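Presented below is the structure to which this report refers.
Naming: A, B, ... by sequence-line order, numbering from 1 per chain. Because the structure is predicted, anything quoted here is derived from the model rather than measured.
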Amino acid sequence: MPHDLPKAYDPTAIEDHWAEYWVRENLFAQPTPKPDDRNQGEPFTILLPPPNVTGRLHMGHMLNQTEMDILTRWRRMQGRRALWLPGTDHAGIATQMMVERQLAEEGTSRQQLGRAAFEARVWAWKRHYGGAILDQMKRLGASVDWSREYFTMDENLSVAVREAFVRLYEQGLIYRGAYIVNWCPRCQTAISDLEVVYDEHKGHLWEIRYPVHDDAGRETGEFLTVATTRPETMLGDVAVAVHPEDERYLHLHGKKLGLPLMGREIPIVLDDWVSRAFGTGAVKVTPAHDPNDFALGERHHLPSINVMDETAHINDKGGPYAGLDRYVARKKIVADLEEQGLLAGIKDHTHNVGHCDRCKTVVEPRFSTQWFIKIQPLAEKAIAAVKPDATGNKAIRFTPEMYEKTYLNWMENIHDWCISRQLWWGHRIPAWHCAICHKITVPRPNTQEDPKACAHCGSAEIKQETDVLDTWFSSGLLPVSVFGWPKILGAPGLDSETRESKIDRADFDTFYPTSLLVTGFDILFFWVARMIMLGCWFASDVPMPDGSQRELKDSVPFKEVYIHALVRDANREKMSKTKGNVIDPIEIVKQYGTDAVRFTLASMASPGTDIAFNIARTEGYRAFANKIWNAARFIFMNIERAAEIGIAVDRSALGAMPTMTEDAPLEARWILAELQSTAQLISEELQSYRFDEAANTIYRFFWGSFCDWFLEIVKLRLDFSENADKAESKAALSTLLQVFECALRLLSPFMPFITEEIWHAIYDGNPPTKSIALTHYPQPGYALEVWNQYALVEMQSLQSLTVEIRALRKEIGVEEKAVVPIEIRTDASSRKIVEQNRDIVERLARVSEIRFVDQIAAGLAKHSTAAFDVAAIYQRTIDVPAERERKKKEIAKQEQIVLNADRQLNNPGFLVKAPAHIVEGLKKQREEAQRLLDKLRGDLGSLPE
RNA sequence: GGGCGCUUAACUCAGCGGUAGAGUGCCACCUUCACACGGUGGAAGUCGCAGGUUCGAAUCCUGCAGCGCCCACCA
């Protein structure tokens with residue numbers, strides 16, 4: 001076993017190798033089960049939230065992927081059929097923007113290219129650059145099934161998108177109509193409510209005087225003053241509204257106004273919606289450019305005049321302002337009004353301004369024809385899926401639970417979803433417009449062929465809709481579409497062409513619903529909510545494997561949702577390019593190793609709190625990796641030493657919980673108990689998504705128990721010199737290796753690289769499986785033997801004795817290297833423990849000889865626990881004042897404990913109401929403190945002044 | 001305007017009804033044959049403030065202060 005390992009662990013040397021190995025060996029592929037195999041073993045299915053093809057990996061991705069990878073590796077090692085499914089999102093706007101920017105650099109544009117050529121260009125871009133983020137993911141060792149990688153514009157997924165659209169249309173849940181939508185003048189497309197982000201903005205409220213007309217249309221000399229934040233929209237005004245009971249304006253009811261600058265005459269209308277308190281109490285009405293005005297216009301049957309084009313420049317309806325950008329127009333309009341004496345005032349006004357989520361351009365509400373989903377029926381199912389049913393069960397459970405409220409609150413107040421986008425990159429809406437009768441033809445469900453003639457008039461002059469669907473429409477379908485919906489339905493309606501490509505239902509039957517969704521709250525509504533709505537809607541039609549009707553609990557896209565927080569910088573600032581505080585995970589990984597960064601994220605991933613990413617923590621976990629590495633070096637070194645005298649270490653017991661018998665040495669029985677309770681804890685912690693606690697548990701075990709105590713004690717047993725006890729050494733080495741190998745398996749989901757490397761080294765290149773990831777996770781729930789339990793108590797006793805002796809040595813100035821004799825005064829049972837483990841104490845506390853005495857010799861500095869008095873025999877007993885100080889401090893502490901205990905124990909209420917074990921515990925504690933106190937007081941008294 | 005969360009050691013965070021915890025940092029000593037990315041010991045907190053419930057409160061309730069997030073069509 002050539003284990004010539006370098007002293008310091010260098011992750012770069014091994015990580016690339018294993019990352020590449022895991023992909024090359026296709027280790028985490030989960031093939032479609034054979035038809036009779038689909039119900040064997042509970043699957044663990046998890047969908048990767050598909051990053052944009054344009055994306056680069058950031059800390060949020062890495063957190064998300066670390067959490068998913070820990071859970072997937074853990075479940076896989078538990079024997080679950082684990083499937084983690086990766087893919088990318090075509091990301092309509094983002095990708096189109098990216099390619100358009102490229103075109104601009106080349107001095108051309110998509111318009112010049114034309115639609116078909118542009119689409120081809122985007123595909124070429126995708127083929128060239130699209131895989132970057134997944135390559136980064138591969139480097140991080142994510143244990144996904146690469147053989148199932150999807151792209152949201154793949155043929156199968158496109159079929160699903162079309163089918164979903166067609167079905168919703170047939171069900172009357174998709175409609176097309178002219179409404180006010182959020183319009184991004186830069187992207188030149190409609191966007192949904194969710195894609196608008198509001199920013200507080202210091203603007204102005206312009207007060208404009210509209211001249212009142214008499215019945216003949218002449219100015220009366222009176223003015224009605226309106227207030228607006230967007231004066232340029234006045235070009236499209238069709239009325240001014242006042243509250244019907246507003247006394248200021250009662251005399252104007254029924255009158256008309258002249259629209260300044262445009263010379264049109266517009267009516268004064270009365271509407272309850274108008275707030276008398278805001279502005280002047282008179283609102284200009286521009287139905288084409290404001291959602292409120294639009295609604296008001298509908299109520300009063302007002303026309304609507306769109307004065308802007310799709311780039312937010314004033315169009316030919318804007319009279320003299322035509323051609324101007326909206327803000328240029330605003331300036332000019334204000335100036336012109338002022339010149340005409342129609343500007344009554346300008347007030348500072350802070351209000352929320354909507355920006356395009358993608359490009360931050362100010363959104364312009366715009367009257368246009370779009371496609372919408374009537375969302376109410378879908379929302380109802382989506383609400384039922386999350387609310388507890390009559391028996392208190394939830395089909396979908398959120399962690400942290402509070403997100404259920406957020407989700408339900410949103411879902412209960414949901415608006416129809418605008419799904420059309422005026423882009424060229426995306427799933428084109430499967431609807432055809434007839435040039436003759438102007439009606440819409442949508443293909444039949446279960447067909448893939450495009451319609452050839454208008455379904456209404458039979459005309460062949462039909463053209464497909466040019467709009468594409470919102471990207472989230474296709475990603476919302478992923479949980480069903482990745483498992484073959486709708487082709488799995490194999491419905492009679494399928495035409496001959498698709499019938500051939502009909503795919504097996506085994507994937508859907510086995511893996512749907514998925515087990516878990518891990519994602520950030522930022523896409524709770526965008527994606528999580530849409531998946532629930534669409535998943536519940538479409539999966540409910542798919543019969544269960546046994547042919548029965550699918551219930552809601554089996555229709556949901558996932559059974560659990562774990563929402564994680566945001567990764568911020570060390571100062572809790574949101575990372576952003578503009579602030580320049582973005583930490584590139586790949587850079588950090590290069591510096592500290594993937595395992596250390598993963599462990600940092602895991603150890604800080606406490607549900608519900610943001611992560612302030614602190615590099616100091618990563619440094620600490622790099623040290624942890626180094627610790628693991630050196631423990632391995634130590635073990636391998638001893639294996640070699642053993643081999644030199646012909647002792648071969650037995651590897652046959654590896655891969656399970658270590659085995660041993662009652663006569664095993666104390667440290668062995670103890671570490672086994674610790675190992676088992678660690679496995680138990682980790683299992684509970686991962687079950688409840690406590691990545692932080694699980695990481696701390698394994699850290700504490702490995703460093704605190706295994707390295708600090710077990711390894712140090714085991715050194716006593718490992719003697720491979722000529723006249724050593726070979727049997728004892730061999731047994732010790734065997735246990736050491738077993739415990740270590742088991743610890744590696746515990747660690748593996750958190751730190752896959754270093755554990756893989758060392759695990760392979762243990763087997764000298766001949767491992768029983770291709771990867772540690774394919775071994776079994778140490779099982780919790782293993783019943784401890786009595787002698788394991790007892791070992792815990794004995795070991796604790798020795799540990800506290802050791803710690804006291806070490807502290808004592810420091811205080812009296814014993815050199816680190818010196819070994820000294822000690823005196824111990826204790827009772828018979830504690831004495832027995834020490835006698836039986838004399839060698840342990842001697843080694844760990846650097847003691848040359850242990851003398852049991854009835855009374856510690858006068859003049860020796862001593863330390864006391866409830867069980868022990870211990871003193872070191874050393875001539876340099878010094879610093880009496882410091883010793884007095886220390887004793888006094890200790891006395892004060894113990895006195896406080898006794899005082900606290902007495903206060904409670906003398907309280908009749910406490911004795912009556914507190915549970916027995918609390919009372920007993922307190923009594924015992926008081927007793928020990930009192931005993932210690934007596935000793936300490938005695939010591940203090942005998943110290944010279 | 002609604003809703004939610006946070007405030008614990010210098011820093012980053014656990015704990016959420018029974019005597020205050022971790023990691024990092026800090027101080028002192030130690031290059032002992034796995035590891036100085038190490039070892040050993042140590043200092044460090046009136047658990048944001050004020051009330052209340054309880055035998056007992058960082059932990060439950062109420063109010064206040066500060067910080068942050070989400071949702072909402074008020075010109």
Side-chain angles (χ1 to χ4, degrees), chain A residues 5 7-9 180 193 198 205 226-230 233 241 273-275 277-286 290-296 349 351-352 365 400 402-403 405-406 409-410 413 415 521-522 524-525 566 570 572 574 592 596 600 603-604 606 608-638 690 692-693 696 699-700 707-708 711-712 715 803 806-811 813 815-817 845-846 896-897 900-901 903-904 907-915 917-919 921-922 925-926 929:
Chain A
L5 304 177
K7 254 171 100 166
Y9 173 57
I180 287 277
D193 294 348
Y198 289 91
L205 202 55
V226 302
T228 179
T229 55
R230 294 187 298 154
T233 61
W273 170 78
V274 179
S275 157
F278 188 90
T280 59
V283 190
K284 57 191 266 327
V285 180
T286 324
D290 185 281
N292 292 306
D293 295 9
F294 179 77
L296 200 145
H349 182 61
H351 59 138
N352 284 331
M402 59 149 180
Y403 284 110
K405 262 194 252 172
T406 312
N409 185 42
W410 185 78
N413 297 294
H415 297 288
F521 62 81
D522 50 331
L524 181 61
F525 305 135
L566 226 58
R572 317 205 106 268
K574 212 167 176 170
Y592 297 93
T600 308
S603 73
M604 300 190 78
S606 177
T609 25
D610 284 348
I611 294 177
F613 191 88
N614 194 337
I615 205 75
R617 291 282 291 257
T618 312
E619 280 171 19
Y621 294 124
R622 177 181 59 178
F624 182 45
N626 194 53
K627 191 78 180 171
I628 299 165
W629 183 255
N630 277 289
R633 282 182 64 223
F634 173 76
I635 293 165
F636 292 153
M637 193 183 78
N638 279 286
R690 292 308 303 258
D692 57 331
E693 289 185 346
N696 285 334
Y699 182 96
R700 262 199 303 273
C707 290
D708 287 350
L711 266 188
E712 292 306 320
K715 286 175 181 172
V803 168
R806 285 170 175 169
L808 187 60
R809 291 172 54 111
K810 293 268 184 196
E811 280 159 28
E815 294 104 352
E816 294 283 336
K817 273 179 280 188
R846 304 196 68 79
Q896 193 57 47
I897 293 174
N900 282 342
R903 203 188 53 229
Q904 291 192 71
N907 181 338
F910 174 74
L911 294 175
V912 174
K913 293 187 178 174
H917 73 276
I918 295 292
V919 177
L922 194 66
Q925 187 187 46
R926 188 210 177 280

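Within the structure, a side-chain polar atom (N or O) of A:K715 is placed less than 4.0 Å from OP1 or OP2 of B:rA34. OP1 or OP2 of B:rA14 has at least one side-chain nitrogen or oxygen of A:S606 nearer than 4.0 Å. Phosphate contact (OP1/OP2 of B:rG41, side-chain N/O of A:R806, threshold under 4.0 Å): present.
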Quiz item: In B/S/- notation, 5' to 3', how is nucleotides 27-33 of chain B contacted by protein heavy atoms closer than 4.0 Å?
Solution: --BSS-S

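The CD1 atom of A:I635 sits 6.0 Å away from atom CG of A:L711, with the distance rounded to the nearest 0.5 Å.
If you check every strand for non-hydrogen atoms under 4.0 Å, A:A616 touches sugar and phosphate atoms only. Residue A:P365 is classed as having no contact, given no heavy-atom separation below 4.0 Å to the nucleic acid. Here A:T228 lies in heavy-atom contact (under 4.0 Å) with sugar-phosphate atoms only. Nucleic acid contact for A:W629: none, since no nucleic acid atom lies under 4.0 Å from a heavy atom of the residue. Across all strands shown, A:R690 has heavy atoms under 4.0 Å from sugar-phosphate atoms exclusively, and none from any base. Contacts of A:K627 with the nucleic acid, taken as non-hydrogen atoms under 4.0 Å apart, include base atoms. Residue A:Y621 is classed as having no contact, given no heavy-atom separation below 4.0 Å to the nucleic acid. Among the atoms of the strands shown, none is found under 4.0 Å from any heavy atom of A:L205. Residue A:V912 is out of contact with every strand shown, counting any heavy-atom pair closer than 4.0 Å.
Checking B:rC71, B:rA34, B:rG18 against every side-chain atom of A:F525, the shortest atom distance belongs to B:rC71. You'll find that the side chain of A:A807 is closest to B:rG41, out of B:rA75, B:rG41, B:rU12.
If you check distances only, the side chain of A:E712 does reach the base of B:rA34 with a donor-acceptor pair under 3.5 Å.
Taking the syn range as angles within 90° of 0, the glycosidic angle of B:rA28 is outside it, so the base is anti.
A cation-pi arrangement is absent between A:K627 and A:Y699, since the terminal nitrogen or guanidinium carbon is not both under 6.0 Å from the aromatic centre and inside a 45° cone about the axis.
With respect to A:R622 and A:E619, no salt bridge is recorded, no charged nitrogen being found less than 4.0 Å from a carboxylate O.
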Practice problem: Would you sketch RNA chain B in dot-bracket for me? Only Watson-Crick or G-U wobble pairs with both distances under 3.5 Å count, crossing pairs as [ ], other-strand pairs as |, the rest as dots. | Solution: ((((((((.[[[[.)..(..]]]].(((((.......))))).....[[[[[..)....]]]]])))))))....

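Computed from coordinates, the A:L524 CG to B:rC69 P distance equals 17 Å when rounded to whole Å.
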